[in-house]
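A note on names: the letters A, B, ... follow the listed sequences, proteins ahead of strands, and every chain is numbered from 1. All values below were derived from every heavy atom in this structure, side-chain atoms included, with hydrogens, water molecules and symmetry-related copies excluded.
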There are 2 protein chains.
Amino acid sequence: MSVPHLSESTEMYLKAMVELSGTEAVMIGRLAERLNVTPVSANEMVRRLGEQGLVSHKPYKGVTLTEKGNEVACNVIRRQRLWECFLYDHLKIEWSQVYEFACSLEHATAPQVTEALANFLGNPQTCPRGNPIPDKNGSFIPLDGILLSEAKVGDTVTILAVNATATDVLKYLQEKNILPGQKMTVLEAAPLQGPLMLKVGSKEVALGLSLAEFVIVKSNR
Amino acid sequence: MSVPHLSESTEMYLKAMVELSGTEAVMIGRLAERLNVTPVSANEMVRRLGEQGLVSHKPYKGVTLTEKGNEVACNVIRRQRLWECFLYDHLKIEWSQVYEFACSLEHATAPQVTEALANFLGNPQTCPRGNPIPDKNGSFIPLDGILLSEAKVGDTVTILAVNATATDVLKYLQEKNILPGQKMTVLEAAPLQGPLMLKVGSKEVALGLSLAEFVIVKSNR
DNA sequence: TGGAATAATAAGGTCAACCATAACATTTGG
DNA sequence: CCAAATGTTATGGTTGACCTTATTATTCCA
């Protein structure tokens, strides 16, 4: 490899940035939260990433990926999501566990293996959670949807993607049948940031707002 | 996992011990050589492994795996060789590169993924290099063969396995067509630890003794 | 049997990625 | 507009897995 080899930690930070924000600035606190480290540690790491030219950090304004950082991040995400496809479609690993296992594998995957895997899988466009898989060059079409937490009462929507990463969260959503492709109706939104009442299939489901933020949906017209 | 998680380094040491010796004691120098670290580092690491009850080290006599250590090692080897099968048979990765890529993946593979992979592959018995794949419990039938370096002039042998791990060595052997299943005849053994002259297919090949030690063969009666 | 080769131990150092605690800066909402 | 929340910086600590240099111990064979 010509790339000096980026650490697993580096890859996790860059990936988290894309997963948290797309291209907008991410506050260090959010990053720290997602990566389960203290804000102080995240700050340190962001400084290191800045020194490597992978991110730029405006104090109190958040962190953004540089072009280089974005390229690396998309590459990591590509690897991750390809492995998700393999684990789910071929190894029959449970949906809620796929992300976690793919995450370990992604850091151990050379470019050559990534491309061979993509080829083996038939160059899939989305992962089992519904997210698009970046192409070799790191570009991908963002999903055309809104957060379920922003849907209006009465809306009938189709789930495009589930953006959660924690296995327990995924497991919970899986149990409630909140999965890509599923149709559902927003029955009610409780006040004071309360849960959403949803009709999923034949069942009524109460879903906390913070969980609803993980779900990307498309309004059926 | 109930296992406290063993580091990648730990896994590499344990695996190297099996690859170097089967079950006999390994001198620290050999270990250090194989793992590309200094003997001092290997010594330190062996002490740590000893503290964890994975190896036992008799000064000046070498290191042996404990039962626990052997179990872990066989498990690592299982993962490694299953990935070798996948990379070779399904991803069509070049033979000489398969070991190296599988080695990265092995450390990132949870037991559940290992078993799902074994199942997907149809529980293969040998890896592309010809080595047996330990079963779930870590047991496997050792190859019934001798080192090519110990074969006698005039012998016609079939290659059972190639035990090299370095990609450049594997590449060299691949170019000479020294691959599992291949038949060949020992034409001559040069004196003073000199190379073997082999007839491989229609070609004559000179192979250094140290390379011949990587090749396990079975005499055709 | 003595010396070369090999092995072990000691002491001190580096590096990445974390941690905690504490002080200080900025932003933002009530 | 000010205080709480959030973010930043400083300082010092830990851990794993390496490193070097130097000294001492053991083995083994010529």
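Proximity of B:Y13 to the phosphate of D:dC18: a side-chain N or O atom is located under 4.0 Å from OP1 or OP2. Residue A:S9 places no side-chain N or O under 4.0 Å from the OP1 or OP2 atom of C:dA16. Checking the phosphate oxygens (OP1, OP2) of C:dA8, a side-chain nitrogen or oxygen of B:H57 falls inside 4.0 Å.
Taken from CD1 in B:I77 to CD in B:E11, the straight-line distance is 11.0 Å, to the nearest 0.5 Å. Annotation: the span from B:E44 atom CD to B:T38 atom OG1 amounts to 8.0 Å, rounded to 0.5 Å.
In this pair, B:F120 and B:H90 present their aromatic rings tilted. The plane angle is within the 30 to 60° band.
Side chain of B:R48, nearest nucleotide from D:dA17, C:dA17, D:dC19: D:dA17. When each of C:dA17, D:dC18, D:dA17 is scored by its nearest atom to the side-chain atoms of B:T10, the top-ranked nucleotide is D:dA17.
The distance from atom CZ of B:R47 to atom P of D:dG16 is 10 Å, rounded to the nearest whole Å. Spacing between atom NZ of B:K58 and atom P of C:dT9 amounts to 14 Å, rounded to whole angstrom units. Protein atom CD1 of A:I28 is 14 Å distant from nucleotide atom P of C:dT27, rounded to whole Å.
Between A:F86 and A:F101, a ring centre-to-centre spacing not shorter than 6.0 Å is recorded.
Each of A:E8 and B:G29 lies near DNA chain C, and the nucleotide nearest B:G29 is the one positioned closer to the 5' end. Of the residues near DNA chain C, A:M45 and B:N43, the one whose nearest nucleotide (by heavy atom distance) lies more toward the 5' end is B:N43. Residue A:R30 is the one, among B:Q52 and A:R30, whose nearest nucleotide of DNA chain D lies closer to the 5' end (criterion: closest heavy atom).
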Quiz item: Along nucleotides 20-30 of chain D, 5' to 3', which nucleotides get a B, which get an S, and which get a -, given that the test is a protein heavy-atom distance under 4.0 Å?
Solution: BB---BSS---
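Between the B:T66 side chain and the B:L54 main chain, a donor and an acceptor come within less than 3.5 Å of each other.
For the 3.5 Å distance criterion, the side chains of A:S96 and A:Q174 qualify, holding a donor opposite an acceptor.
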